[in-house]
Amino acid sequence: MPPKRPLLEISGIHKAIQITDDNSRTLIDPVSGVAFHSASGALAETRHVYLNNSGVKERLAQGASTAVLEVGLGTGLGMLLTVDEAVSGNAKLEYHALEQDLLPVAVLRELELQSGLKSSAVCESYLDWYENVCFTPTQRTYCWKYSDQVTVTIHHIDAREFQGLKGASFDAVYFDPFAPSVNQELWTDEFLGRMRDLLRDGGQLVTYCVNRRVKDALTACGFEINCIPGPAGGKREVMRATR
Ligand SMILES: C[S@@+](CC[C@H](N)C(=O)[O-])C[C@H]1O[C@@H](n2cnc3c(N)ncnc32)[C@H](O)[C@@H]1O
């Protein structure tokens with residue numbers, strides 16, 4: 001029997017907060033069991049699968065200018081950890097995140113997202129900005145400029161509508177929709193092929209999913225795939241796919 005993780009109720013959405021095994025928090029739909037992160041550690045999973053395996057953490061630590069595309073902003077954990085690394089490495093970061101269902105700020109505040117950051121000012125600045133943005137059904141992009149070096153653009157769209165950036169390509173794609181059984185529309189050969197086209201040569205698509213169908217789709221659209229060990233206590237293997 002897997003260990004039972006504590007759940008905290010939150011009002012306003014049909015989700016609960018789950019305390020994961022490294023004490024960081026994620027969101028879970030208590031009826032379907034669909035969660036935003038691994039129960040074995042939201043923070044550990046995000047650091048390992050996205051920041052470390054993509055090479056983004058290393059680039060930022062070296063002060064290298066970096067462009068990241070995230071499919072599924074969710075709680076903002078992956079984005080905040082990346083901004084935090086850019087700030088500590090004094091590196092330029094251009095971060096684009098695709099998300100169709102933006103969460104209420106009150107929910108984000110319950111997630112204690114600052115607890116995994118070196119600088120809690122990053123999280124405070126983001127939540128203050130988010131609280132004051134007027135999200136409207138007609139506006140599709142929102143830009144949070146943390147500093148002259150660090151900008152985050154949230155595209156409030158179905159990820160399939162994203163057309164890329166004029167003349168620019170990404171160093172990494174954090175591919176983090178829900179599992180293929182939930183978000184079938186994003187795990188197709190066609191959509192993964194579009195992710196490949198958005199990467200520079202040598203850029204990495206990283207994700208937690210290594211099932212046969214996903215491996216075949218990534219290979220078919222021209223990625224070189226590597227299944228690498230997952231985070232301690234979590235999935236046995238995770239994916240790094242290189243353009
Ligand atoms: C696993 S969660 C992402 C977790 C996130 N990376 C984080 O750090 O919290 C998946 C996210 O993908 C979003 N999503 C699912 N289907 C989508 C679609 N077609 N277009 C845009 N976002 C989508 C969901 O709303 C959800 O926020």
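Computed from a predicted model, the values in this text were never measured in an experiment. Every number for a ligand or one of its atoms is a count from 1 in the order of the listing.
- Annotation for V238 and T207: closest pair CB-O, 3.7 Å, computed over non-hydrogen atoms.
- The protein atom (non-hydrogen) at minimum distance from atom 20 (N) of ligand 1 is A159 N, 2.8 Å.
- Those atoms of ligand 1 with a heavy atom of H37 less than 4.0 angstrom away are 7 (C), 8 (O), 9 (O).
- The protein non-hydrogen atom at the shortest distance from atom 4 (C) of ligand 1 is D176 OD2, 3.3 Å.
- The proximity of M79 to ligand 1, defined as any non-hydrogen pair under 4.0 Å, does not occur for either the backbone or the side chain.
- Scanning the protein for heavy atoms near atom 25 (O) of ligand 1, the closest one is E99 OE2, 2.6 Å.
- Ion pair R213/D189 flagged as a salt bridge, since at least one NZ, NE, NH1 or NH2 atom sits closer than 4.0 Å to an Asp/Glu carboxylate oxygen.
- The proximity of V71 to ligand 1, defined as any non-hydrogen pair under 4.0 Å, does not occur for either the backbone or the side chain.
- Looking only at heavy atoms of the protein, atom 16 (N) of ligand 1 is closest to N183 ND2, 3.1 Å.
- Only the side chain of E185 comes within contact range of ligand 1, with a heavy atom under 4.0 Å; no backbone atom does.
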**OP:** Test side chain to side chain donor-acceptor pair (under 3.5 Å) on N52 and S54 and set out the steps.
**Re:** CA-CA 6 Å; N52 295 350; S54 63; over 6 Å; no

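- Counting heavy atoms closer than 4.0 Å to ligand 1, residue L186 contributes side-chain atoms (C-beta onward) but none from N, CA, C or O.
- One finds no salt bridge joining E45 and K235 here, because no Lys/Arg side-chain nitrogen approaches an Asp/Glu carboxylate oxygen to under 4.0 Å.
- Remark: the Y50 side chain and the D176 side chain contain an N/O donor-acceptor pair separated by less than 3.5 Å.
- Checked by distance only, ligand 1 and F178 stay at 3.5 Å or farther apart across all their nitrogen or oxygen atoms.
- An N or O contact shorter than 3.5 Å is missing between F36 and ligand 1 by distance.
- Atoms of ligand 1 found under 4.0 Å from any heavy atom of G78 (numbered from 1 in listed order, with element): 8 (O).
- Between E85 and K118, at least one side-chain N (NZ, or NE/NH1/NH2) sits under 4.0 Å from a carboxylate O, which counts as a salt bridge.
- Judged by distance alone, the side chains of T151 and E94 never bring a donor and an acceptor atom under 3.5 Å apart.
- For the side chain to side chain donor-acceptor pair (under 3.5 Å) test with H155, the passing option among H96, E161, E99 is H96; the others fail.
- Looking only at heavy atoms of the protein, atom 12 (O) of ligand 1 is closest to G72 CA, 3.4 Å.
- Residue L73 approaches ligand 1 through these ligand atoms, each under 4.0 Å from one of its heavy atoms: 5 (C), 6 (N), 7 (C), 8 (O), 9 (O).
- Numbered from 1 in the order shown, with element, the atoms of ligand 1 that lie under 4.0 Å from a heavy atom of G76 read 9 (O).
- A salt bridge between R5 and D22 is absent, with no side-chain N of the basic residue lying under 4.0 Å from a carboxylate O of the acidic one.
- Between T153 and W144, the side chains place no donor N or O within less than 3.5 Å of an acceptor N or O (distance only, hydrogens not considered).
- For atom 23 (C) of ligand 1, the closest non-hydrogen atom of the protein is Q100 CG, 3.7 Å.
- With hydrogens left out, the protein atom closest to atom 9 (O) of ligand 1 is T75 OG1, 2.5 Å, a heavy atom.
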